[in-house]
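Small disclaimer: the values here were computed from a predicted structure and weren't measured.
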Amino acid sequence: MTTPTSLATADPAVAAVPVEMPIRASRGYWASVLARLVRDPVAMGAGLVILLIVCAAIFAPLIAPMDPFKGSMVRRLKHVGDATYILGSDELGRDMLSRLLYAGRLSLFMGVLPVVIAFFVGSGLGILAGYAGGWINTLIMRVVDVFFAFPSVLLAIALSGALGAGILNSIVSLTVVFVPQITRVAESVTVQIRNRDYVEAARVSGANPFRVVRVQVLGNVLGPVFVYATSLISVSMILASGLSFLGLGVKPPEPEWGLMLNTLRTAIYVNPLVAALPGVMIFLTSISFNLLSDGLRSAMEVRS
């Protein structure tokens, strides 16, 4: 009886074929994206800063050394490094460190939530317009073009002024500003995906449009749209703070970085460092989101 080992030794052709090949599992697309993102030190640094800011906002009641609403007129505008107030005090004698921590909650909420809502609404409208085409595409995209006729800042101010000041109205205004932008990106990507061979093959095989969109289109569209949406968070943070600065967003005495800039603007010649602290937080958060978005975009680029 001939054993596999003796047969492989007798026949050189058989000997050249490996008896057992090791099976190596290929990484998925998103796993490779994550691996490239982790190797980007700038994106990881920005992500770490965002994580620290988010954790500081969430655990503000545990971290804040004082009540953010309790003031003292005899302790107004203390300088940074004061024995009692580490980051100084504001125009009403309230601890700046405590107010900055609590303000991160509203600032992040008003900056991220409109983009999240706009991502789902705009993606749905863009995919519908791009895949359906015809009069549906014309109707949706012409409405989108109307909103593009106005600059984002002016549109947000006009909508907030019409709806009135308040957190909810600011979120609605910012969502309306970002939905057209995400819709246009989603529609453009969907039009490109719609003509791919695998989408045509799915149609020819008899799959209904809903299944084609769900299986073939959705996964390929949401990635680029998600990356674009993350870049809008920094813009949303600045616009939300701007609305609060103008009195169209958060109302006093709630702590919010834009509102704190507004109330401290009269103290800029007395204690400029304390007056600039809310602006530093806005800049640091927005630039971190921007750098993380750039890193994610680079990681998603497939290099041959």
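The heavy-atom pair separating Ser231 from Arg297 by the smallest distance is CB-NH2, 4.1 Å. Heavy-atom minimum distance, Pro180 versus Phe148: O-CE1, 3.5 Å. The nearest pair of heavy atoms linking Thr190 to Gly126 is OG1-O, 4.0 Å. Between Ala229 and Ile182, the shortest heavy-atom distance links the atoms CB-CD1, 4.2 Å. When all heavy atoms of Ala156 and Leu243 are compared, the pair lying nearest together is O-CD2, 4.0 Å. The minimum heavy-atom distance linking Met44 with Val38 is given by the pair CG-O, 3.5 Å.
Within 6.0 Å of CZ in Arg214 there are more than 12 heavy atoms belonging to other residues, nucleotides or ligands. Taking a 6.0 Å sphere around CD1 of Ile268, one finds it holds 12 or fewer heavy atoms contributed by other residues, nucleotides or ligands. Atom CZ of Phe120 is surrounded by 12 or fewer heavy atoms from other residues, nucleotides or ligands within 6.0 Å. More than 12 heavy atoms of other residues, nucleotides or ligands sit less than 6.0 Å from atom CG of Asn208.
Without hydrogens or angle criteria, Ser288 side chain to Leu284 main chain gives a donor-acceptor distance under 3.5 Å. Listed for the Ser236 side chain is a donor-acceptor partner under 3.5 Å among the backbone atoms of Gly111. The backbone N or O of Leu264 sits nowhere less than 3.5 Å from a side-chain atom of Asp90 that would complete a donor-acceptor pair. Under a 3.5 Å cut-off, the side chain of Asn169 and the backbone N or O of Leu163 do form a donor-acceptor pair. No donor-acceptor pair closer than 3.5 Å links the side chain of Thr285 to the backbone N or O of Ile282. The backbone N or O of Gly258 lies less than 3.5 Å from no partner atom in the side chain of Asn262, so there is not a single donor-acceptor pair. Ser89 contributes a side-chain N or O that, together with a main-chain N or O of Lys78, makes up a donor-acceptor pair within less than 3.5 Å. Counting only distance, with no hydrogens or angles, the side chain of Arg105 and the backbone of Ile58 share a donor-acceptor pair below 3.5 Å. Remark: the backbone N or O of Ser241 is not paired with any side-chain donor or acceptor of Ser107 at under 3.5 angstrom.
Considering only residues two or more places apart in sequence or on other chains, Glu91 meets the side-chain hydrogen bond (donor to acceptor under 3.5 Å, both in side chains) condition with Arg94.
In this structure, Val177 is a member of the same hydrophobic cluster as Phe245, with clusters built from ILVMFWY side-chain heavy atoms closer than 4.5 Å. In this structure, Leu100 is not a member of the same hydrophobic cluster as Leu52, with clusters built from ILVMFWY side-chain heavy atoms closer than 4.5 Å. Linking Ile, Leu, Val, Met, Phe, Trp and Tyr residues whenever their side-chain heavy atoms come within less than 4.5 Å leaves Phe289 and Ile287 in two separate clusters. Hydrophobic clustering keeps Val250 apart from Leu261 (ILVMFWY residues linked when any side-chain heavy atoms are closer than 4.5 Å, directly or through intermediates). Follow the hydrophobic side-chain contacts under 4.5 Å out from Leu246 and you never reach Ile167; the two are in separate clusters.
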Margin query: With side-chain contact (heavy atoms from CB on, under 4.5 Å) as the criterion, how do Leu218 and Ile127 come out once you've worked through the C-alpha distance, each side chain's angles and the decisive distance to 0.1 Å?
Written below: CA-CA 8 Å; Leu218 196 61; Ile127 292 173; 3.5 Å; yes

Margin query: Apply side-chain contact (heavy atoms from CB on, under 4.5 Å) to residues Leu106 and Glu254 and explain how you reach the verdict.
Written below: CA-CA 9 Å; Leu106 279 177; Glu254 293 294 332; 4.1 Å; yes

Next item on the list: With side-chain contact (heavy atoms from CB on, under 4.5 Å) as the test, would you mind laying out the steps for Ser188 and Gln192 before giving the verdict?
Entry: CA-CA 7 Å; Ser188 176; Gln192 300 176 15; 3.9 Å; yes

Notebook entry, point to check: Can you list the steps and then say if Leu296 with Val33 is a side-chain contact (heavy atoms from CB on, under 4.5 Å)?
Noted result: CA-CA 8 Å; Leu296 185 59; Val33 169; 4.2 Å; yes

Next item on the list: Check step by step if salt bridge (charged side-chain N to carboxylate O under 4.0 Å, His left out) holds for Asp95 and Lys70.
Entry: CA-CA 8 Å; Asp95 180 52; Lys70 184 178 180 180; over 6 Å; no

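Contact of the Val153 side chain with the Leu239 side chain is registered, since non-hydrogen atoms from C-beta on lie closer than 4.5 Å. Side-chain contact check for Ser123 versus Val221: every heavy-atom pair is 4.5 Å or farther apart. For the pair Tyr228 and Ser293, the minimum side-chain heavy-atom distance is 4.5 Å or more. Between Met96 and Ile86, every side-chain heavy-atom pair lies at or beyond the 4.5 Å cut-off. Using a 4.5 Å cut-off on side-chain heavy atoms (C-beta onward), Thr230 and Leu292 make no contact. Side-chain contact between Ile140 and Glu187 is absent, with no heavy atoms from C-beta onward closer than 4.5 Å. For the pair Val179 and Phe147, the minimum side-chain heavy-atom distance is 4.5 Å or more. No side-chain heavy atom of Phe119 sits less than 4.5 Å from a side-chain heavy atom of Leu232.
Both tests do not hold together for Arg75 against Tyr85: distance to the six-membered ring centre under 6.0 Å, angle to the ring axis within 45°.
For the side chain to side chain contact (heavy atoms under 4.5 Å, CB included) with Arg142, the lone residue among Val144, Thr138, Leu139 that qualifies is Thr138.
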